[in-house]
Amino acid sequence: MPNDSLIIVCREPGFRRAGIAHPAVEVYAADHFNAEQLAMLVAEPMLEVIGVKE
């Protein structure tokens, strides 16, 4: 897994938020989303956003 990445776990695969249909689990680079999108993802109860740093 890349350093400084985000794991997003979606409780309902296919759920859309921040312009993306989220699969059950996906890994993104930490800078993939802008601050507004990231805040939206973190606030969404259907998603769990996990930050990974080494």
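What you see below is based on every heavy atom in this structure, not just the backbone, and it leaves out hydrogens, waters and symmetry mates.
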Only counting residues at least two apart or in another chain, list the ones meeting side chain to side chain contact (heavy atoms under 4.5 Å, CB included) with V25.
-> I7, V9

Return the set of residues passing side chain to side chain contact (heavy atoms under 4.5 Å, CB included) with L41 (not counting sequence neighbours), or none when no residue passes.
-> I8, R17, A18, H22, F33, L47, V49

I50 with L38, same ILVMFWY side-chain cluster at under 4.5 Å | no

Measuring from K53:NZ to S5:OG, what's the distance to the nearest 0.5 Å?
-> 10.5 Å

Check: E26 side chain, P23 main-chain N or O, donor-acceptor pair, under 3.5 Å = no

Is V52 reachable from V27 through a run of hydrophobic residues whose side-chain heavy atoms are each under 4.5 Å from the next?
-> yes

Residue pairs fulfilling salt bridge (charged side-chain N to carboxylate O under 4.0 Å, His left out) with at least one residue in residues 27-41, sequence neighbours excluded = none

Looking at residues at least two apart in the chain, or sitting in another chain, which of them share a side chain to side chain contact (heavy atoms under 4.5 Å, CB included) with M46?
-> R11, E12, F15, E44

Taking all heavy atoms of G14 and all of A21, pick out the closest pair and write down the distance.
-> O-CB, 3.9 Å

